[in-house]
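What follows is a short report on a single structure.
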Amino acid sequence: MRDMRSRLRIILAVSGLLACNSGHIVDAYTAAQCVAFTQHPTENRTREWETKIVLPNGEDVIVNGANRISNVVASYPSTKEKVIVAAPGDYVYPLDVRYDPQNGVLYTLADGLAGGIGRRTELFAFDLVHRHQLGRRRVDRSNLPPICPD
């Protein structure tokens, strides 16, 4: 019985990822709101996020990231927990961050030369309320809306 429950959980998890990896993740990202970013006076003047978001349950989350080698991280002040919401990898940098306030989902678009060799654009979806990744998908940037304005 226990083995059957484990298999069922795996099937449900895979089904959720497959559903998220369809066009749904792109549509949801397109409909989400831009997360305000700050440009700290840095040498390269990159787009940076250090933005407070209020979740549907009223909890505050601080989203941190930058358009350079970095992960996008959610910090929960009430518990002091920090969670990586998007880890794009070498030479693929966070470019755009959007939030769906109804569902508590954060979307991160990352773009760059994976391994310094080939162009890669990836879209991440992260459930900030339940603190887990919903999906990660390579996407064609030409099929996406313009990134959030400066």
Side-chain angles (χ1 to χ4, degrees), residues 1-40 46-112 114-115 120-150:
M1 185 68 161
R2 184 177 179 187
D3 188 40
M4 192 169 161
R5 285 184 190 155
S6 295
R7 286 184 186 161
L8 182 59
R9 282 190 196 120
I10 291 169
I11 290 168
L12 290 173
V14 169
S15 299
L17 285 175
L18 290 174
C20 193
N21 282 338
S22 68
H24 171 73
I25 190 172
V26 172
D27 294 341
Y29 160 77
T30 300
Q33 300 173 357
C34 294
V35 171
F37 63 90
T38 56
Q39 282 188 316
H40 299 290
T46 60
R47 294 165 64 106
E48 297 183 20
W49 296 268
E50 189 174 337
T51 308
K52 181 174 96 170
I53 290 177
V54 179
L55 300 180
N57 63 8
E59 184 177 14
D60 290 342
V61 175
I62 309 297
V63 174
N64 290 288
N67 183 226
R68 61 174 179 267
I69 299 173
S70 71
N71 295 325
V72 175
V73 176
S75 302
Y76 297 81
S78 63
T79 62
K80 300 193 183 344
E81 180 181 6
K82 291 185 179 186
V83 180
I84 295 174
V85 299
D90 292 339
Y91 304 105
V92 180
Y93 308 138
L95 180 62
D96 198 25
V97 179
R98 296 181 184 209
Y99 178 61
D100 171 359
Q102 290 181 326
N103 297 304
V105 178
L106 190 76
Y107 297 93
T108 302
L109 181 68
D111 184 70
R120 181 181 302 165
T121 304
E122 290 187 292
L123 185 55
F124 298 81
F126 190 89
D127 182 336
L128 291 171
V129 176
H130 298 102
R131 303 175 190 191
H132 66 90
Q133 190 175 62
L134 297 172
R136 174 180 185 167
R137 180 176 180 205
R138 287 185 73 168
V139 294
D140 180 353
R141 193 162 167 198
S142 66
N143 294 329
L144 299 174
I147 61 171
C148 295
D150 294 350

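Predicted, not measured: the structure shown is a model, and the values here were computed from it. When reading the values below, keep in mind they use all heavy atoms of this one structure, side chains included, and skip hydrogens, waters and symmetry mates.
Partners of Asp100 according to the salt bridge (Lys or Arg N to Asp or Glu O under 4.0 Å) rule, which considers only residues two or more places apart in sequence or in another chain, do not exist here. Looking at residues two or more places apart in sequence or on another chain, you find a side-chain contact (heavy atoms from CB on, under 4.5 Å) between Asp140 and Ser142, Asn143. With sequence neighbours excluded, no residue satisfies side-chain contact (heavy atoms from CB on, under 4.5 Å) with Ala31. For Ala28, the side-chain contact (heavy atoms from CB on, under 4.5 Å) partners are His24, Tyr107, not counting sequence neighbours.
Shown here is Tyr91, whose OH atom has no more than 12 heavy atoms of other residues, nucleotides or ligands within 6.0 Å.
Across every non-hydrogen atom of Asn67 and Trp49, the tightest pair is N-CZ3, 4.1 Å. Closest heavy-atom contact between Ala74 and Val61: CB-CG1, 3.7 Å. Closest of all the heavy-atom pairs between Pro88 and Ser70 is CD-O, 3.8 Å. Here the closest heavy-atom approach between residue Pro149 and residue Cys34 is recorded as CD-SG, 4.4 Å. Between Glu48 and Ala66, the closest heavy-atom pair is CG-CB, 3.7 Å.
The distance from the SG atom of Cys148 to the CG atom of Leu95 is 9.5 Å, given to the nearest 0.5 Å. Atoms OG1 and CD1, from Thr108 and Ile84 in turn, are 12.0 Å apart once rounded to the nearest 0.5 Å. Considering CG of Leu128 and CG of Asn103, their distance stands at 11.0 Å, rounded to 0.5 Å. For the atom pair CG of Asn64 and OG1 of Thr51, the computed distance is 8.0 Å after rounding to the nearest 0.5 Å. In this structure, CD on Gln133 lies 11.0 Å from CG on Asp127, to the nearest 0.5 angstrom. Note that the CD1 atom of Ile25 and the CG atom of Leu123 stand 4.5 Å from one another [nearest 0.5 Å].
Residues in residues 76-96 take part in these salt bridge (charged side-chain N to carboxylate O under 4.0 Å, His left out) pairs, two or more places apart or across chains: Arg47-Asp96, Glu81-Arg131, Asp96-Arg98. Pairs passing the disulfide (SG to SG under 2.5 Å) check and including a residue from residues 57-95, sequence neighbours excluded, do not occur.
Between Ile53 and Leu106, some side-chain heavy-atom pair lies under the 4.5 Å cut-off. Using a 4.5 Å cut-off on side-chain heavy atoms (C-beta onward), Val83 and Phe126 make contact.
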Applying side-chain contact (heavy atoms from CB on, under 4.5 Å) to Val105 and Tyr99, what does each step give before you reach the verdict? CA-CA 6 Å; Val105 178; Tyr99 178 61; 6.0 Å; no
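Between the side chain of Asn57 and the main chain of Glu59, a donor-acceptor pair closer than 3.5 Å is present.
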